[in-house]
There are 2 protein chains.
Amino acid sequence: MLMTSATLDRTSGVPLYRQIKQILIDEMRAGAGADGLAMTEEALITRFHVSRAPVRQALKELVDEGYVYRERAKGTFPVQGLNVQRPATLQLGGLMGYLREQGLSPEAKVYGVSRFVPPAEVRKGLGLAASDKVLTFTRVITVKEEKLVSSQVYLCSPPEFEPTSRELEEAGSAFELLQQRHGIDLTRSEHHVWASAAKGDDAAALDLAEGEPILVVETLLLTRDGRPGGWRRAIHRADDFKYVFASNR
Amino acid sequence: MLMTSATLDRTSGVPLYRQIKQILIDEMRAGAGADGLAMTEEALITRFHVSRAPVRQALKELVDEGYVYRERAKGTFPVQGLNVQRPATLQLGGLMGYLREQGLSPEAKVYGVSRFVPPAEVRKGLGLAASDKVLTFTRVITVKEEKLVSSQVYLCSPPEFEPTSRELEEAGSAFELLQQRHGIDLTRSEHHVWASAAKGDDAAALDLAEGEPILVVETLLLTRDGRPGGWRRAIHRADDFKYVFASNR
DNA sequence: CAGTGGTCTAGACCACGTA
DNA sequence: ACGTGGTCTAGACCACTGT
């Protein structure tokens with residue numbers, strides 16, 4: 001088998017460590033699971049004609065992303081099973097996109113877009129004064145005529161941010177809209193996940209009988225500098241929705 | 001206020017970047033949230049009399065762990081709210097320790113320790129042949145006379161690994177035992193979390209009526225090199241157990 | 001012993017944001 | 001223009017592992 005060895009492009013503007021990283025990923029996917037090649041730093045330095053820094057940065061990111069593991073005085077080795085699909089942590093607000101990728105045809109409905117003072121629990125989580133108003137709305141995602149998830153969203157946003165229901169339905173996520181229009185990125189988040197029995201509004205929101213099981217996900221969203229910027233309570237139909245995430249520690 | 005500035009110890013064997021990192025964490029906790037000090041690389045280099053590498057490594061880890069954020073051409077800034085307790089992702093098998101830290105008195109009971117061929121679903125997840133045997137057992141954690149969680153665990157382990165129920169109850173985690181005795185560390189994991197209605201064995205395991213809501217957490221455990229090494233299905237009493245995790249992306 | 005990754009030094013050039 | 005973090009070079013010494 002003839003293997004055309006990839007080389008680096010020093011004029012492309014793409015950092016060397018990213019090119020190295022991508023080449024190694026491609027090679028591992030292509031079947032280096034049969035641990036053929038040695039990924040020692042020295043080998044990569046001589047192979048790509050670079051110094052240690054870009055090699056180490058590439059390997060560092062590969063470790064963080066779970067592609068390889070390193071053992072002191074032993075070497076760097078690819079993890080097994082890179083060909084099988086590994087679950088990625090669900091992106092925030094990326095549920096619509098994910099469902100489409102899965103070949104489903106999700107529909108989003110947004111109700112009750114308004115701006116008012118949130119309930120005490122939410123106000124506390126967002127660290128707001130008793131009179132501060134936030135943008136709020138309800139979003140229901142339906143798949144195959146069945147209501148899959150109902151979310152109540154509270155967003156600390158400038159008064160100028162007054163999206164319509166239509167805009168919120170078309171945008172993949174309200175958070176994306178907020179970033180595009182006002183440069184506010186709510187990239188940090190804290191999730192609380194538990195099971196409960198549907199009752200009252202929760203039951204009605206998903207057309208469930210009282211007492212039926214639901215999955216509740218409460219999320220506090222934070223800006224890069226750690227200030228609360230949003231709060232969301234999502235109710236999922238039991239069994240139909242699974243939260244998936246991986247850890248390397 | 002007199003501030004005794006911490007200095008580095010080059011003889012302690014502790015890497016400089018770790019010392020720098022810890023000093024910065026302490027200072028931020030002490031109240032640098034009032035963004036008093038500048039954490040630019042140049043400032044830290046001159047302050048600690050080191051080169052750029054340890055400073056960058058310290059800051060890199062602080063970013064990864066959510067203590068600071070960096071903006072190109074602007075600077076490095078502490079995130080707000082470091083004094084309030086942030087949720088840490090629950091350590092695998094660390095539930096007993098966590099409950100004790102919370103001042104509760106959890107009790108663990110282990111039943112049915114044995115070694116046999118697992119059901120098809122588990123065998124598939126673990127990538128085993130039809131005749132491979134694994135160690136299996138059931139573990140129930142009780143708090144205040146109430147069964148909180150019931151786990152069915154399947155462990156790929158050498159035949160010599162034959163812990164007693166007693167040993168498994170006293171060890172914080174079967175995974176710890178496996179690492180201590182055979183050097184097998186199942187550090188990687190993939191979690192699937194959803195809500196369901198208790199029925200059959202699941203209902204009996206937690207003394208619930210049929211149809212009551214439960215939280216199901218299925219976890220595939222992997223070794224550092226990515227080979228499946230264990231599988232666990234945990235059933236949690238609804239409302240009493242919350243899965244908490246944070247993300248910086 | 002040689003090879004590995006972990007840590008550190010002392011420089012360099014660049015893109016980008018602020019002033 | 002200047003300061004910031006992002007990237008890269010070319011060295012160095014160390015601890016640890018396997019032979």
Side-chain angles (χ1 to χ4, degrees), chain A residues 7-24 35-79 182-185 187 224-225 248, chain B residues 7-24 35 37-79 183 185 187 224-225 248-249:
Chain A
T7 56
L8 304 183
D9 179 356
R10 297 187 102 100
T11 72
S12 67
V14 178
L16 299 181
Y17 77 90
R18 286 217 176 277
Q19 299 183 44
I20 294 171
K21 179 183 164 187
Q22 193 55 54
I23 290 171
L24 293 179
D35 49 35
L37 70 171
M39 286 202 296
T40 69
E41 295 183 0
E42 180 57 28
L44 297 175
I45 288 171
T46 61
R47 172 180 171 189
F48 292 115
H49 306 290
V50 295
S51 67
R52 230 182 137 183
V55 165
R56 279 188 66 77
Q57 181 146 0
L59 292 178
K60 174 65 164 59
E61 294 196 1
L62 290 176
V63 169
D64 287 347
E65 294 168 28
Y67 286 101
V68 306
Y69 68 101
R70 316 190 71 184
E71 287 192 53
R72 189 194 193 103
K74 288 187 178 176
T76 302
F77 312 95
V79 307
H182 296 91
I184 300 174
D185 67 328
T187 50
R224 260 185 302 180
D225 60 351
N248 291 327
Chain B
T7 55
L8 304 183
D9 179 357
R10 297 185 103 102
T11 72
S12 67
V14 178
L16 299 180
Y17 78 90
R18 288 218 175 276
Q19 298 183 45
I20 295 171
K21 179 182 164 189
Q22 193 55 53
I23 289 171
L24 294 179
D35 49 36
L37 70 172
M39 286 202 297
T40 69
E41 294 183 1
E42 180 57 27
L44 297 175
I45 287 170
T46 62
R47 172 180 171 188
F48 292 115
H49 306 291
V50 295
S51 67
R52 228 181 139 185
V55 166
R56 279 187 67 77
Q57 182 146 358
L59 292 177
K60 174 66 165 57
E61 294 197 0
L62 290 176
V63 168
D64 287 347
E65 294 168 27
Y67 287 101
V68 306
Y69 68 101
R70 317 190 70 184
E71 287 191 53
R72 190 192 193 103
K74 287 189 176 176
T76 302
F77 311 95
V79 308
D185 67 328
T187 50
R224 262 184 302 181
D225 60 351
N248 292 326
R249 299 170 207 177

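Side chains are part of it too, since the values below use all heavy atoms of this structure and drop only hydrogens, waters and symmetry mates. What you see is a predicted model, and the numbers here were worked out from it, not measured in a lab. Letters A, B, ... mirror the listed sequences (proteins, then strands); counts begin at 1.
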Item to check | Residue mapping more 5' on DNA chain C - nearest nucleotide basis, B:Arg52 or B:Gln57 | outcome: B:Gln57

Item to check | Positional range of nucleotides in DNA chain C within the contact set of chain A, heavy-atom, under 4.0 Å | outcome: C:dG3 to C:dT7

Checklist outcome for this item: Sorted by number, residues from residues 7-16 of chain B placing a heavy atom under 4.0 Å from DNA chain C are B:Arg10, B:Pro15, B:Leu16

Checklist outcome for this item: The ring-ring contact (aromatic ring centres under 6.0 Å, His included) partners of A:Tyr67 (sequence neighbours excluded) come to none

Next on the checklist: Which residues in residues 62-74 of chain B have a heavy atom closer than 4.0 Å to any atom of DNA chain D?
Outcome noted: B:Arg70, B:Glu71, B:Arg72, B:Ala73, B:Lys74

Checklist outcome for this item: Sorted by position of nearest nucleotide on DNA chain D, 5' first, the leading residue of B:Glu41 and A:Pro54 is B:Glu41

Checklist entry - Who passes side-chain hydrogen bond (donor to acceptor under 3.5 Å, both in side chains) against B:Glu65, sequence neighbours left out? => result B:Lys21

Checklist outcome for this item: Hits for side-chain hydrogen bond (donor to acceptor under 3.5 Å, both in side chains) against A:Gln22, two or more places apart or cross-chain, chain-then-number order -> A:Asp26

Item to check | Partners meeting ring-ring contact (aromatic ring centres under 6.0 Å, His included) with A:Tyr69 (sequence neighbours left out) | outcome: A:Phe77

Next on the checklist: Suppose we screen for side chain to side chain contact (heavy atoms under 4.5 Å, CB included). Which residues come up paired with A:Thr11, at least two apart in sequence or across chains?
Outcome noted: A:Asp9

Next on the checklist: List the residues meeting side-chain hydrogen bond (donor to acceptor under 3.5 Å, both in side chains) with B:Asp225, not counting sequence neighbours, and say none if there are none.
Outcome noted: B:Thr223, B:Arg227

Item to check | Set of residues satisfying side chain to side chain contact (heavy atoms under 4.5 Å, CB included) with respect to A:Asp64, sequence neighbours excluded | outcome: A:Lys60, B:Lys60, B:Asp64

Item to check | Any donor-acceptor N/O pair, B:Glu71 side chain to B:Thr76 backbone, under 3.5 Å | outcome: no

Checklist entry - Which residues pass the salt bridge (Lys or Arg N to Asp or Glu O under 4.0 Å) test with B:Arg18, sequence neighbours left out? => result B:Glu61

Using distance only, find each side-chain donor-acceptor pair of residues 49-56 of chain B under 3.5 Å and give its atom names and separation, not counting sequence neighbours.
residue: B:Arg52; atom: NE; partner: B:Glu41; partner atom: OE1; Å: 2.6
residue: B:Arg52; atom: NH2; partner: B:Glu41; partner atom: OE1; Å: 2.9
residue: B:Arg56; atom: NH1; partner: B:Glu41; partner atom: OE2; Å: 2.8

